[in-house]
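Worksheet: the structure to be examined is printed underneath.
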Number of protein chains: 2
Amino acid sequence: MQIERMIRRFREAGLKITPQRVAIFEYLYTTTSHPTVDDIYAYITGRFPSVSLTTVYNTLQTMVGLGEIEEIAISHERRNFDPDTRPHSHIMCVKCKRIEDIYTDNLSENCLPESVRKRYRILGQRIYFYGLCSRCVAEK
Amino acid sequence: MQIERMIRRFREAGLKITPQRVAIFEYLYTTTSHPTVDDIYAYITGRFPSVSLTTVYNTLQTMVGLGEIEEIAISHERRNFDPDTRPHSHIMCVKCKRIEDIYTDNLSENCLPESVRKRYRILGQRIYFYGLCSRCVAEK
DNA sequence: TTTTATATTAAAATGATTACAAATTAAAAA
DNA sequence: TTTTTAATTTGTAATCATTTTAATATAAAA
Ligand SMILES: [Mn+2]
Ligand SMILES: [Mn+2]
Ligand SMILES: [Zn+2]
Ligand SMILES: [Zn+2]
């Protein structure tokens, strides 16, 4: 399971397995959303009332460093994290801010001309779409 | 010219033309980079030593509202603005943070499946690439 | 069980952005 | 041109997200 994998990855990196960290793993891998720091903190607080925000920040940063979760830069208002590291893109409703996954075979590779590609060591790519979801269109 | 256009757009919107605003227009349309609030503030300060950061924020926000500049969400560390509203994408060097434009005929349209498209009113899309520029590759 | 290096916590510091209210000014009206 | 007025600018304070710090607690090795 994903959680076991994260525990193993942390162990391999010489990091300790703490109940706070495990709770964060559990939250990340049992929700299909793209949680913010506060989403995660709110959940963890329910299980460890004295947990510190710092712990949440630290753990997320460590996971990003291990390449096990990714930051979604779709909005400046909030920082979202994605425990799904398979290549995929996202669409966000500009009204309700919900983020949905988009899986497609069409990669953005062909959007990067050779002339640019040969001047960079490419490390990653992201595609974001913005719109109004049907729910929000209906409302207003 | 672009600056004249912005003055006209502001006038049409019933907004006043102030020297601070014009200086911001000038900076935006005579630099090819993707400036941050601080880049702009630093420049304006050179011409109006007493200018307020608030004025810079307000003017940028107004211009975004008018659809005359766009926010680039390529990084959470900094907020970049782009006075070029033609469809194009960006590549950022993760080391030196420089952002380069990418113009290509290949749109990301085909990365958005019909199944998703029919559930949203699409308003925009962004493609970001991340990598190391040749300069930074050479250095380390 | 003891030891020790790492992690957690609470609090303070930092940095970015927004809110506010008083002073200034662009531009319309006279 | 001068007067008027509503919008804008400014300086300050408030807010919010994130990082730093140092003391305390604890996972895991010995
Ligand atoms: Mn996702
Ligand atoms: Mn650009
Ligand atoms: Zn919505
Ligand atoms: Zn670089």
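Residue numbers begin at 1 in each chain, while the letters A, B, ... track the order of the sequences. Just so it is clear, the values below take in all heavy atoms, side chains as well, and ignore hydrogens, waters and symmetry mates.
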[N] [atom2] sits how many Å from [X] [atom1], rounded?
{"X": "R78(B)", "N": "dT17(C)", "atom1": "CZ", "atom2": "P", "value": "11 Å"}
{"X": "M63(B)", "N": "dT8(D)", "atom1": "CE", "atom2": "P", "value": "14 Å"}
{"X": "L53(A)", "N": "dT21(D)", "atom1": "CG", "atom2": "C1'", "value": "16 Å"}
{"X": "I40(B)", "N": "dT17(C)", "atom1": "CD1", "atom2": "C1'", "value": "14 Å"}
{"X": "E12(A)", "N": "dT6(C)", "atom1": "CD", "atom2": "C1'", "value": "18 Å"}
{"X": "F48(A)", "N": "dT9(C)", "atom1": "CZ", "atom2": "P", "value": "9 Å"}
{"X": "R21(A)", "N": "dT9(C)", "atom1": "CZ", "atom2": "P", "value": "11 Å"}

With sequence neighbours excluded, give me every side-chain hydrogen bond (donor to acceptor under 3.5 Å, both in side chains) pair touching residues 54-63 of chain A.
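As it turns out, the side-chain hydrogen bond (donor to acceptor under 3.5 Å, both in side chains) pairs with a partner in residues 54-63 of chain A, which skip direct neighbours, are S52(A)-T54(A).
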Applying side-chain contact (heavy atoms from CB on, under 4.5 Å), can you list everything that pairs with Y43(A), at least two apart in sequence or on another chain?
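Once residues adjacent in sequence are excluded, the partners of Y43(A) under the side-chain contact (heavy atoms from CB on, under 4.5 Å) criterion are E26(A), Y27(A), R47(A).
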If you round to the nearest 0.5 Å, how far is [atom2] of [Y] from [atom1] of [X]?
{"X": "I127(A)", "Y": "Y128(B)", "atom1": "CD1", "atom2": "OH", "result": "12.0 Å"}
{"X": "L132(B)", "Y": "I122(A)", "atom1": "CG", "atom2": "CD1", "result": "9.5 Å"}
{"X": "K97(B)", "Y": "I74(B)", "atom1": "NZ", "atom2": "CD1", "result": "10.5 Å"}

Is there a side-chain contact between [X] and [Y], using heavy atoms and a 4.5 Å cut-off?
{"X": "L112(B)", "Y": "I102(A)", "result": "yes"}
{"X": "L15(B)", "Y": "R21(B)", "result": "yes"}
{"X": "M6(A)", "Y": "L28(A)", "result": "no"}

Detail all sub-3.5 Å separations between protein N/O atoms and N/O atoms belonging to nucleotides 27-30 of chain D.
{"unit_1": "dA27(D)", "atom_1": "O3'", "unit_2": "I17(A)", "atom_2": "O", "d": "3.3"}
{"unit_1": "dA27(D)", "atom_1": "N3", "unit_2": "K16(A)", "atom_2": "NZ", "d": "3.1"}
{"unit_1": "dA28(D)", "atom_1": "OP1", "unit_2": "I17(A)", "atom_2": "N", "d": "2.9"}

Set of residues satisfying salt bridge (Lys or Arg N to Asp or Glu O under 4.0 Å) with respect to R11(A), sequence neighbours excluded
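Applying salt bridge (Lys or Arg N to Asp or Glu O under 4.0 Å) to R11(A) gives none.
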Between P83(B) and Y29(B), which heavy-atom pair has the shortest distance, and what is it?
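That closest heavy-atom pairing would be CB-CE2, 3.5 Å.
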Grab the two heavy atoms, one from L66(A) and one from R9(A), that are nearest each other, plus how far apart they are.
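Looking at all heavy atoms of both residues, the closest pair is O-NH2, 2.8 Å.
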Let me check the geometry of the helix from dT1(C)-dA30(D) to dA30(C)-dT1(D). What is the bend angle between the axes at its two ends, five pairs each, to 10°?
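End axes: 30° apart.
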For a quick check, with a 4.0 angstrom heavy-atom cut-off, what is the B/S/- contact string for nucleotides 10-16 of chain C, read 5' to 3'?
BB----S
